[in-house]
Amino acid sequence: MNEVIELAYALDTFYFLISGALVMWMAAGFAMLESGLVRAKNTAEILTKNVALYSIASIMYLLCGYQIMYGGGSGFIPNFGMLIGADNTVASVVDGDAYYSVMSDFFFQVVFVATAMSIVSGAVAERMKLWSFLIFAVVMTGFIYPVQGFWKWGGGFLDAAGFQDFAGSGVVHMTGAAAALAGVILLGARKGKYGANGEVKAIPGSNMPLATLGTFILWLGWFGFNGGSQLVITNVLDANAVAAIFVNTNTAAAGGVVAALLTARAMFGKADLTMALNGGIAGLVAITAEPLMPAPLLATFIGAVGGVLVVFSIVTLDKLKIDDPVGAISAHGTVGIWGLIAVIFSNDAASIGGQLLGIISIFLWVFISAFIVWSILKATLGIRVSEEEEYEGLDVGECGLEAYPEFTRTQ
Amino acid sequence: MNEVIELAYALDTFYFLISGALVMWMAAGFAMLESGLVRAKNTAEILTKNVALYSIASIMYLLCGYQIMYGGGSGFIPNFGMLIGADNTVASVVDGDAYYSVMSDFFFQVVFVATAMSIVSGAVAERMKLWSFLIFAVVMTGFIYPVQGFWKWGGGFLDAAGFQDFAGSGVVHMTGAAAALAGVILLGARKGKYGANGEVKAIPGSNMPLATLGTFILWLGWFGFNGGSQLVITNVLDANAVAAIFVNTNTAAAGGVVAALLTARAMFGKADLTMALNGGIAGLVAITAEPLMPAPLLATFIGAVGGVLVVFSIVTLDKLKIDDPVGAISAHGTVGIWGLIAVIFSNDAASIGGQLLGIISIFLWVFISAFIVWSILKATLGIRVSEEEEYEGLDVGECGLEAYPEFTRTQ
Amino acid sequence: MNEVIELAYALDTFYFLISGALVMWMAAGFAMLESGLVRAKNTAEILTKNVALYSIASIMYLLCGYQIMYGGGSGFIPNFGMLIGADNTVASVVDGDAYYSVMSDFFFQVVFVATAMSIVSGAVAERMKLWSFLIFAVVMTGFIYPVQGFWKWGGGFLDAAGFQDFAGSGVVHMTGAAAALAGVILLGARKGKYGANGEVKAIPGSNMPLATLGTFILWLGWFGFNGGSQLVITNVLDANAVAAIFVNTNTAAAGGVVAALLTARAMFGKADLTMALNGGIAGLVAITAEPLMPAPLLATFIGAVGGVLVVFSIVTLDKLKIDDPVGAISAHGTVGIWGLIAVIFSNDAASIGGQLLGIISIFLWVFISAFIVWSILKATLGIRVSEEEEYEGLDVGECGLEAYPEFTRTQ
Amino acid sequence: MKLITAIIKPFKLDDVRESLSEIGVQGVTVTEVKGFGRQKGHTELYRGAEYVVDFLPKMKVEVVLEDGLVERATEAISKAANTGKIGDGKIFVSPVEQAVRIRTGETDKDAL
Amino acid sequence: MKLITAIIKPFKLDDVRESLSEIGVQGVTVTEVKGFGRQKGHTELYRGAEYVVDFLPKMKVEVVLEDGLVERATEAISKAANTGKIGDGKIFVSPVEQAVRIRTGETDKDAL
Amino acid sequence: MKLITAIIKPFKLDDVRESLSEIGVQGVTVTEVKGFGRQKGHTELYRGAEYVVDFLPKMKVEVVLEDGLVERATEAISKAANTGKIGDGKIFVSPVEQAVRIRTGETDKDAL
Ligand SMILES: Nc1ncnc2c1ncn2[C@@H]1O[C@H](COP(=O)(O)OP(=O)(O)O)[C@@H](O)[C@H]1O
Ligand SMILES: Nc1ncnc2c1ncn2[C@@H]1O[C@H](COP(=O)(O)OP(=O)(O)O)[C@@H](O)[C@H]1O
Ligand SMILES: Nc1ncnc2c1ncn2[C@@H]1O[C@H](COP(=O)(O)OP(=O)(O)O)[C@@H](O)[C@H]1O
């Protein structure tokens with residue numbers, strides 16, 4: 001009988017690791033999406049940011065983030081700890097105390113925090129100083145994210161209050177968006193984005209295949225993101241659940257693409273590819289709060305509403321002069337909120353009150369703490385590059401090289 | 001004992017889901033391959049097509065395709081149903097009635113239909129109207145594909161007749177190619193592809209790294225495509241089978257690359273990268289009808305013949321003025337037929353008669369029904385963009401943006 | 001009880017196959033990394049090389065490499081055999097003689113040899129003749145690599161001597177680097193790389209997003225590379241081990257990125273993206289010799305040292321006029337040696353003597369035998385393209401097409 | 001000798017080159033340029049924001065020839081490049097005092 | 001008629017175009033060029049090796065106009081393109097003997 | 001003043017620039033152009049279909065200088081750009097009536 005338990009432990013661990021690897025892959029997705037949607041002259045810098053932020057998140061979450069988030073504590077205040085504890089012994093597994101390796105759990109969690117941080121980098125693209133951003137990443141992944149993560153997934157007050165967030169529409173996506181929003185507000189818009197008379201000007205992204213590739217990568221990675229969040233797969237019901245999550249995740253994204261494409265067609269007269277891509281991501285974000293319970297048709301609908309919302313949100317933020325080059329705040333923030341609310345359509349354990357409490361708590365915590373950190377950075381190192389560097393491109397300024405030295409000629 | 005059965009159910013479901021995720025990834029592969037092989041001015045449009053067709057396939061197959069294909073019926077006429085049934089209960093699993101989750105099966109199937117549809121988009125690239133294409137996708141994925149899928153995999157007359165098609169050289173690949181062929185014939189060649197005196201002119205693809213990336217993605221995804229088609233992995237023989245399929249799939253692709261490269265070298269004097277890529281895909285298509293039975297050396301040979309065939313097929317189609325910018329009809333159609341015939345080398349259950357029956361039935365059904373749908377579209381919305389839009393590029397015309405606004409200057 | 005054994009066999013086989021698929025994916029990673037770091041005019045050629053070498057490796061290792069490496073023998077001289085043996089019978093599995101499918105083992109091994117070969121292609125980029133390179137690939141993957149692989153993993157004298165190399169810092173990475181070094185020395189530097197007065201001139205890579213994508217692909221694939229090298233996962237301790245390997249692999253790469261970025265910042269004043277990418281790869285190579293034993297913090301450190309080393313190694317090799325366009329010799333060779341030495345920090349079974357013996361034996365064997373093969377090729381077919389072809393680009397010369405015909409205008 | 005500079009629509013390039021070679025012109029030099037003129041660029045929407053592409057891609061064709069050929073050349077270009085729609089472009093003629101073929105050192109007429 | 005050729009800094013292009021249209025110039029042709037002059041390019045480090053970008057991206061603005069407009073145009077360009085820093089560029093004036101509007105066949109003054 | 005326009009092979013650019021700076025020329029403007037002439041482009045095969053690259057990449061070097069330097073400059077360019085093979089290019093000399101340095105307003109000789 002112990003062999004069976006060990007085998008189940010192995011399968012659950014493996015399922016967790018593969019799910020985590022898929023989520024890790026989302027880091028590449030964000031890197032490609034963002035580098036496709038910025039101008040050529042800022043491409044190497046955004047790539048550097050993405051590679052570095054993933055690395056920083058990996059290290060900071062190892063150092064202290066994981067223990068803050070899952071080390072216990074109660075209510076608002078997590079315990080503070082460091083590193084990872086010992087893995088499960090055979091005895092404890094056989095006794096039924098553990099379903100999967102602690103290390104695999106850590107791995108699955110660490111890629112989540114990297115996702116949240118990736119969301120930030122797109123929104124502040126094309127004007128933020130590289131090193132200030134990276135310092136922010138240290139604080140965000142080592143402290144800001146883990147604290148709210150503790151509130152819900154670590155057993156803190158939001159969990160107690162019945163707030164439902166299956167895989168992180170709030171804990172991960174809205175969190176990233178809130179930190180991004182704080183940064184964007186302090187940073188201001190890119191030069192040339194808004195005309196003297198307030199008109200919104202387009203700054204086209206430089207590489208659509210990359211943006212599309214990034215979206216497909218995210219789509220694939222999301223099967224790990226949502227599918228792994230069931231945590232266990234080794235019995236019929238859990239296996240069915242993981243399968244249902246895969247189907248819902250896929251169909252919500254599909255709904256998001258179609259809805260965003262039609263919305264863009266109706267509003268702008270053209271099949272705006274970038275909106276379709278944002279729509280797909282919006283569909284994924286929307287279903288993330290509850291990818292298990294909805295029937296596939298409802299999941300498609302939840303994703304489709306996300307796809308519509310993201311288009312309106314992007315246009316609205318632009319009117320408010322909140323300049324987000326890749327639409328991250330809309331896709332992860334606006335739609336993250338929608339996803340959290342949509343939980344009540346299918347999950348009886350969720351209440352509108354509980355969901356709002358979660359949304360507000362997380363948003364305020366992240367926005368305010370991020371705002372403070374960004375402000376300190378602004379007052380010290382500065383967060384925005386010089387006007388000249390912005391004109392010439394961050395690639396040469398920050399990285400000393402060009403992303404496409406042979407393709408573009410005048411900067 | 002029930003724990004073991006549940007565990008086996010979980011592993012088979014997980015294996016199915018991961019296989020499906022790999023096949024989903026092929027959507028990205030087609031998108032990259034196709035966008036690399038078209039001109040820059042049509043790149044955003046082909047990306048839009050690829051993202052949208054995958055989404056449409058996901059939704060249509062959910063709505064009705066899956067039930068048409070697997071809902072029963074007999075002979076030629078499938079039953080008509082909608083959505084997905086309930087998943088397996090624990091009791092039915094323990095009784096041995098089910099090996100994997102219904103939802104995981106749906107997921108694995110839905111990504112197959114998307115693959116078939118992806119094949120079409122490449123062949124009609126650079127001149128077809130976006131929205132007409134997407135409407136075709138609705139019919140193809142919701143009806144045309146499922147009907148022939150029922151004939152073989154849903155238990156229809158081709159299955160009864162002993163037609164062998166393990167993972168879909170015919171059901172998926174030749175199907176995509178046949179629908180593409182119908183479209184290309186009605187659509188005509190790209191302007192400038194054939195000279196006044198019938199000479200074939202080259203229209204070089206704009207981005208070779210993307211095309212190569214796409215091929216590698218397809219190669220990876222194909223392990224899921226073929227490997228998952230064993231359906232079950234939880235015993236020694238099935239596990240060995242899946243492993244053999246991985247090896248054969250890989251080596252057939254390798255054979256295709258090497259053979260196509262040498263063929264191109266011999267015919268054109270140069271190591272034409274695009275032919276090598278098509279050769280790899282051809283090797284994969286060729287082995288798909290029977291990836292299990294052949295010894296690896298035979299698999300290499302089957303793939304290599306596919307690699308030679310694809311080069312000749314591309315050149316021949318060009319002579320016939322059938323303009324297929326990415327070689328999809330050759331790689332998936334011509335080579336798909338070869339793959340179906342090659343089954344008889346290793347699978348005793350296959351007969352040349354049965355294989356030909358399958359090839360002809362599927363081809364005629366898909367070609368004729370697709371021809372009718374394309375014709376209706378042609379007569380109503382039109383299927384071809386205006387000459388001016390073709391000259392200026394579909395990106396600006398259909399999508400309102402350019403794929404590489406900073407790299408290309410004159411269209 | 002047999003069901004449990006069969007199930008374990010199935011899971012171990014599946015784990016092996018998925019790990020292998022991830023490693024196969026690294027072929028795409030090298031292709032993207034290398035094509036991003038060369039000039040536009042040599043891009044199609046390096047892509048052709050990458051696709052073809054993977055295919056050649058797949059076929060040659062099937063033909064004879066696998067049997068040379070794992071077919072027995074003792075000491076220095078392996079047995080010579082061909083193809084793959086029969087897979088395990090149910091009886092032998094139930095008797096406990098086999099944990100996973102032979103075919104899955106082959107698949108996992110074949111993608112390793114492709115990795116080693118991929119390392120070579122980057123270092124000799126932008127000047128080596130395509131067909132000479134491919135002939136070298138035949139010998140390298142069918143003979144040179146398997147012989148030293150036998151020494152360690154096939155049970156030869158290095159294994160007996162206690163040399164420790166968990167997943168191949170030496171057997172795979174240093175091997176690739178040693179063969180590359182021999183080639184580069186015989187080949188000479190790219191024209192224009194070193195000035196008349198010995199100054200080092202930069203030849204910037206053409207596409208940074210591709211290079212970054214390639215690095216992310218490698219990072220993902222490495223979870224299969226290291227994680228799969230545990231070979232078995234179906235009990236608590238092995239599952240814990242695989243999970244620990246995932247965590248260490250990730251954090252070592254992260255350490256490498258951060259360390260290389262800081263080093264580059266300190267040395268050059270800029271956040272050189274290409275160095276950060278090389279740093280990540282260096283972190284991965286460094287931990288590959290022993291990804292299991294170190295605590296995550298030690299793993300981070302081992303990776304970070306790799307990240308520092310790679311920067312110094314690249315600069316030093318340049319001073320020695322060893323021209324390696326992508327930094328492969330540094331990242332896989334210099335850092336591979338570091339990884340092998342770092343084993344002694346955490347693995348008691350390793351001794352500095354044993355590690356040095358392994359390093360020296362493998363390096364000498366591969367370097368000398370590769371040097372001989374390159375020399376024969378140089379004396380016969382030639383290994384370097386003409387000066388004119390080098391100036392015009394290998395794409396047109398070797399492949400007859402351009403990688404980006406619409407983006408670049410003057411070669 | 002004269003330099004004829006023609007600013008034309010890009011897709012007319014092949015026609016213009018052919019018409020020039022018909023009258024015996026053997027060499028031309030072509031540059032991709034951006035044109036601003038009466039023909040207006042177009043406004044696109046990218047993510048809902050206006051995107052004015054206010055320049056138009058044009059080709060500049062330059063050819064140096066003997067004085068005697070100028071009239072026929074301008075006529076040939078005019079005809080070949082004409083679509084009758086706004087933006088067809090311009091032809092300018094200006095003096096050239098000297099010409100050298102680098103390969104041979106031939107000068108003036110012989111250099112063309 | 002004269003051809004005014006101005007080599008300017010790229011980011012001054014819009015200003016120059018506006019200032020020209022203010023004095024009634026309706027059409028200009030612009031080319032991306034590389035400039036070498038007193039203003040020096042910069043040295044970058046790529047993977048620790050020097051990387052001298054010794055040319056500077058410039059825009060060449062060409063406009064053909066009646067003799068009477070030349071002075072005002074050079075002044076307008078001078079003003080609009082001036083930053084006072086090295087590398088601001090040059091204006092050259094050269095003769096044009098003939099102009100044709102391809103669309104209509106109008107010549108000289110009417111063609112501009 | 002004169003404008004010297006040289007159409008040369010791209011890989012000769014550095015040599016030409018150096019030879020010009022040796023005779024005291026401080027500034028030049030360079031444009032990437034496509035050349036059509038006696039030297040023929042090449043035919044490639046892409047997927048088995050002909051692919052005629054009938055233009056050749058060339059560099060156009062433009063330099064404005066005092067009349068007195070013209071001869072030396074054409075000679076310098078001729079020498080530096082010569083390979084003796086077809087397609088080496090041409091040098092054209094044409095009149096310039098006025099020159100202005102935008103930064104300082106200096107004119108003519110002083111502006112160069
Ligand atoms: N005065 C001018 N000087 C130089 N180039 C001009 C001038 N006027 C027009 N052009 C060029 O000619 C092109 C066509 O001119 P435009 O006014 O649009 O149409 P048309 O040629 O029909 O009058 C412009 O895009 C521009 O490149
Ligand atoms: N004699 C010349 N002939 C042609 N172009 C020139 C000449 N001198 C300078 N230029 C162009 O003008 C640009 C600016 O010149 P530069 O000497 O750098 O500064 P400034 O205009 O302030 O004197 C150069 O980059 C080059 O493109
Ligand atoms: N009459 C001309 N007017 C303008 N440019 C010319 C002319 N003749 C040749 N050229 C340019 O000079 C280049 C070289 O000319 P080509 O006839 O090929 O060789 P060569 O310079 O040896 O006579 C051409 O590619 C073209 O750019």
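Every chain is numbered from 1 and lettered A, B, ... according to where its sequence line falls, protein lines coming before strand lines. Heavy atoms only: backbone and side chains are in, while hydrogens, waters and symmetry mates are out.
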Contact class of A:Thr300 relative to chain B, heavy atoms under 4.5 angstrom: side chain

Please check if atom CZ in A:Phe301 has more than 12 non-hydrogen atoms from other residues, nucleotides or ligands closer than 6.0 Å. no

Segment of B:Tyr404 engaging chain A (4.5 angstrom heavy-atom cut-off): both

Could you go step by step and tell me if A:Leu210 and A:Leu33 meet the side-chain contact (heavy atoms from CB on, under 4.5 Å) rule? CA-CA 6 Å; A:Leu210 286 189; A:Leu33 179 66; over 6 Å; no

Chain B contact via A:Ile5 - side chain, backbone, both or neither, heavy atoms under 4.5 Å: neither

Which bit of B:Leu130 comes within less than 4.5 Å of chain A, counting heavy atoms only: side chain, backbone, both or neither? side chain

Is it true that B:Tyr70 and B:Asp105 share a donor-acceptor pair across their side chains at a distance under 3.5 Å? no

Region of A:Tyr15 that comes under 4.5 Å of a non-hydrogen atom in chain B: both

Out of A:Gly256, A:Pro296, A:Ala276, which one racks up the most heavy-atom pairs below 4.5 Å with chain B? A:Pro296

Okay, B:Val94 and chain A: the region with an atom under 4.5 Å from a heavy atom over there is neither

B:Ile46 portion near chain A, given a 4.5 angstrom heavy-atom threshold: neither

When the 4.5 angstrom heavy-atom criterion is applied to B:Leu11 and chain A, the contacting part is both

So, the part of B:Leu401 with a heavy atom under 4.5 Å from chain A: the answer is side chain

B:Ser35 and B:Thr43: side chain donor to acceptor below 3.5 Å: no

Does the side chain of A:Trp219 come under 3.5 Å of the side chain of A:Asn250 through a donor N or O and an acceptor N or O? yes

Can you tell which of B:Gly400, B:Ala28, B:Ser101 has the highest number of heavy-atom pairs within less than 4.5 Å of chain A? B:Ala28

Name the option with the most non-hydrogen atom pairs under 4.5 Å to chain A; the candidates are B:Ile18, B:Val102, B:Asp87, B:Leu213. B:Asp87

Kindly say whether B:Ile233 contributes a backbone atom to a donor-acceptor pair with the side chain of B:Asp12 at under 3.5 angstrom? yes

Chain B: which of A:Asp238, A:Leu277, A:Ile217 shares the most heavy-atom pairs with it under 4.5 Å? A:Ile217

State whether the side chain of B:Glu398 and the backbone N or O of B:Glu45 hold a donor-acceptor pair below 3.5 Å, judged by distance alone. no

Heavy-atom pairs under 4.5 Å with chain B - which of A:Thr215, A:Thr212, A:Ile245, A:Asn240 has more of them than the others? A:Asn240

Compare all side-chain heavy atoms of A:Ser104 with those of A:Leu17 and state whether any distance is below 4.5 angstrom. yes

Under a 4.5 Å cutoff for heavy-atom pairs, which residue among B:Val4, B:Thr48, B:Asp395 has the most contacts with chain A? B:Thr48

Would you say the ring centers of B:Phe16 and A:Phe246 fall short of 6.0 Å from each other? no

Does a side-chain N-to-carboxylate-O contact under 4.0 Å join B:Arg39 and B:Glu126? yes

Less than 4.5 Å to any heavy atom of chain A: does that hold for the side chain of B:Val90, its backbone, both, or neither? both

Chain A heavy atoms under 4.5 Å from B:Leu7: which part of the residue, side chain, backbone, both or neither? both

A:Trp222, part contacting chain B, at a heavy-atom distance under 4.5 Å: neither

Heavy-atom proximity to chain A below 4.5 Å, by part of B:Ala21: both

Can you confirm whether the side chains of A:Glu290 and A:Ser346 place a donor and an acceptor under 3.5 Å from each other? no

Would the B:Phe14 and B:Tyr100 ring centres measure less than 6.0 Å apart? no

